Number of protein chains: 2
Amino acid sequence: MAPPTETLTAERILEATEEVLRRHGPAKATVVDVARALGVSHGSVYRHFRTKAALREAVTKRWLDRTSEKLAVIVAGDGTPEDRLRAWLAALFEAKRHKAGDDPELFATYTVLTDESGTAVGEHLADLTSQLTRIIQDGVTAGAFTAPDPAATARAVFQATGRFHDPGYAREWQQPGVEEEFTAVVDLLLRGLLT
Amino acid sequence: MAPPTETLTAERILEATEEVLRRHGPAKATVVDVARALGVSHGSVYRHFRTKAALREAVTKRWLDRTSEKLAVIVAGDGTPEDRLRAWLAALFEAKRHKAGDDPELFATYTVLTDESGTAVGEHLADLTSQLTRIIQDGVTAGAFTAPDPAATARAVFQATGRFHDPGYAREWQQPGVEEEFTAVVDLLLRGLLT
DNA sequence: GGACTGACAGATATTGAAATCTGTCAGCTG
DNA sequence: CAGCTGACAGATTTCAATATCTGTCAGTCC
């Protein structure tokens, strides 16, 4: 299928794995399938990834990092802390909701992957709350927010909005009225945050 | 096993079903098992419940209603709205956490039941948010809370605290630091609610 | 000699036949 | 005759055999 003459890199294997996962789903995607898609033997794949689990986790990490990077742009933006906080939460919700609604099967695939991923998800969540902490810290410094412990507050905000980013709730993101519910929660949290 | 001479009532069937579920788990609990525990034929069970699903849902409803009733006592209590809101949320969290930690298998069983239950869970959630609405409405009337739409605010509070009552998060309720996280979220929400 | 292959052992998944379960109902029983 | 039984058909689950996959490694090929 793919040009078998290029050198085999971790990157090419990850791309092929994404494609195989997209086609076959998480239950039926095998290392043999990935190798076949690349025109190599499956032994070669094991030269770059110690186990199938490690390969899947690397794919997961790439996928999660793409979201982190988009959100980092908002953190570094130049609006007021309130604006950036609202924009950040809305962007996170919108990104997830779009993925879940646009291609439910692929989203389900990645939900399975994140569930089995040991550390990748934990690191991703730590990364996101650290971004949130930055925004809240900025707000405190500017005198717009009250938060004795910005990191703890960031965790609280992240957890309180869980219903709008946790994949477990994906089914409800398509129902009418979610927008309003999201706004209600964010408004309530911001009222608690603003001085 | 059970006295086969008493008259067969829906209530006795529900008790036997709970016991069978506790013993065998949700996957292996059959209507035949329930009938055997009662010393009757399985046809008799179908005289009181149209289907196995209806029987399971009735058991689920009973279980959920027990929680609702405990919380209703707090709603009707005589503390300040803030105290009652804090107590209500803490009681909900504590009840769930206790059940999940005390007998994880039974909790897993009921998690499966609630997942398959069509309307019982929806009604339970509606009941809980209606209790919350009552407390918040009281707070608004007393001038302690600001909430243009108490019902919408109740939903927001309920959803924002989902991590501390949604069974999907049960695993994390046992980890150290959850208490603090719960307090952080509730404090933030109350700051947003108080005038 | 560094990258790759392919045969292999043990682990995991698939399959289809046999067993069990659900829901019905004609008939028994007290 | 109201409540219960147990045999039954179709649906679902179990189980064991069969097939496939994972991870290794001695050997091949530039």
Side-chain angles (χ1 to χ4, degrees), chain A residues 1-60 105 108-109 112-113 115-118 120, chain B residues 1-60 105 108-109 112-113 115-118 120:
Chain A
M1 286 281 168
T5 48
E6 285 177 41
T7 40
L8 189 60
T9 64
E11 183 64 19
R12 281 190 63 220
I13 294 174
L14 289 175
E15 274 163 21
T17 306
E18 276 193 350
E19 180 59 18
V20 168
L21 281 166
R22 201 186 314 273
R23 279 225 163 80
H24 296 32
K28 293 195 174 176
T30 72
V31 177
V32 173
D33 289 333
V34 174
R36 186 167 29 237
L38 288 162
V40 299
S41 82
H42 75 279
S44 302
V45 174
Y46 282 97
R47 177 160 295 281
H48 293 84
F49 296 93
R50 275 204 318 288
T51 64
K52 183 188 187 180
L55 173 57
R56 287 177 155 232
E57 185 151 358
V59 171
T60 307
E105 283 192 39
T109 292
V112 171
L113 289 187
D115 278 347
E116 71 191 30
S117 148
Chain B
M1 284 281 170
T5 48
E6 283 177 43
T7 42
L8 189 60
T9 63
E11 183 64 19
R12 281 190 63 220
I13 294 175
L14 289 176
E15 274 161 23
T17 306
E18 277 192 350
E19 179 59 19
V20 168
L21 282 166
R22 202 186 314 273
R23 278 225 162 81
H24 297 24
K28 292 194 175 178
T30 72
V31 177
V32 173
D33 289 332
V34 174
R36 184 166 31 236
L38 289 163
V40 299
S41 82
H42 76 279
S44 301
V45 174
Y46 282 98
R47 176 161 296 280
H48 293 84
F49 296 93
R50 276 203 318 289
T51 63
K52 182 186 188 183
L55 174 57
R56 287 177 156 230
E57 184 150 358
V59 171
T60 307
E105 282 191 41
T109 292
V112 170
L113 289 186
D115 278 348
E116 73 191 29
S117 147

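Everything numeric in this text was worked out from a predicted model, so none of it was measured. To find a chain, count down the sequence lines: A is the first, B the second, and so on, and within it residues start at 1.
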Which residues share a side-chain hydrogen bond (donor to acceptor under 3.5 Å, both in side chains) with B:Glu19, sequence neighbours left out: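 If we apply the side-chain hydrogen bond (donor to acceptor under 3.5 Å, both in side chains) test to B:Glu19, skipping adjacent residues, the hits are B:Arg23.
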Contacts of A:Thr30 that satisfy side-chain hydrogen bond (donor to acceptor under 3.5 Å, both in side chains) - sequence neighbours left out: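 Scan of A:Thr30 (side-chain hydrogen bond (donor to acceptor under 3.5 Å, both in side chains), adjacent residues dropped) gives A:Asp33.
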Whole-Å distance separating the CZ atom of B:Phe49 from the P atom of D:dG3: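 The distance from CZ of B:Phe49 to P of D:dG3 comes to 15 Å, rounded to the nearest Å.
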Rounded distance in Å - CG (A:Leu55) to C1' (D:dG23):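 One finds 13 Å between C1' of D:dG23 and CG of A:Leu55, rounded.
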Listing time: all N or O pairs from protein to nucleotides 13-21 of chain D that are below 3.5 Å?
none

Please tabulate, for the side chains in residues 37-49 of chain B, all donor-acceptor contacts under 3.5 angstrom to protein atoms that are two or more places apart in sequence or on a different chain.
residue, atom, partner, partner atom, Å
B:Ser41, OG, B:Gly43, N, 3.4
B:His48, ND1, B:Ser44, O, 3.4
B:His48, NE2, B:Leu8, O, 3.2

For B:Leu21, the option from B:Thr60, B:Thr109, B:Val34 that meets side chain to side chain contact (heavy atoms under 4.5 Å, CB included):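 For B:Leu21, the side chain to side chain contact (heavy atoms under 4.5 Å, CB included) test succeeds with only one of B:Thr60, B:Thr109, B:Val34, which is B:Thr109.
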Under the side-chain contact (heavy atoms from CB on, under 4.5 Å) test, residues paired with A:Glu18 that sit two or more places apart: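 Here the qualifying residues are A:Arg22, A:Val59, A:Arg62, A:Arg66, A:Tyr110.
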What protein N or O atoms touch nucleotides 1-7 of chain C N or O atoms at under 3.5 angstrom, if any, and at what distances?
residue, atom, partner, partner atom, Å
C:dC4, N4, A:Arg47, NH2, 3.3
C:dT5, OP2, A:Ser41, N, 2.8
C:dT5, OP2, A:Ser41, OG, 3.2
C:dT5, OP2, A:Ser44, OG, 2.5

Salt bridge (Lys or Arg N to Asp or Glu O under 4.0 Å) partners for A:Glu105, two or more places apart: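 Here no residue qualifies.
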Interatomic distance, A:Thr17 atom OG1 to A:Leu55 atom CG [nearest 0.5 angstrom]: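 Answer for the OG1-CG pair, A:Thr17 versus A:Leu55, is 4.0 Å.
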Sequence neighbours excluded, every pair satisfying salt bridge (Lys or Arg N to Asp or Glu O under 4.0 Å) that has a member inside residues 49-59 of chain B: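 Passing the test, one end in residues 49-59 of chain B: B:Arg56-B:Glu116.
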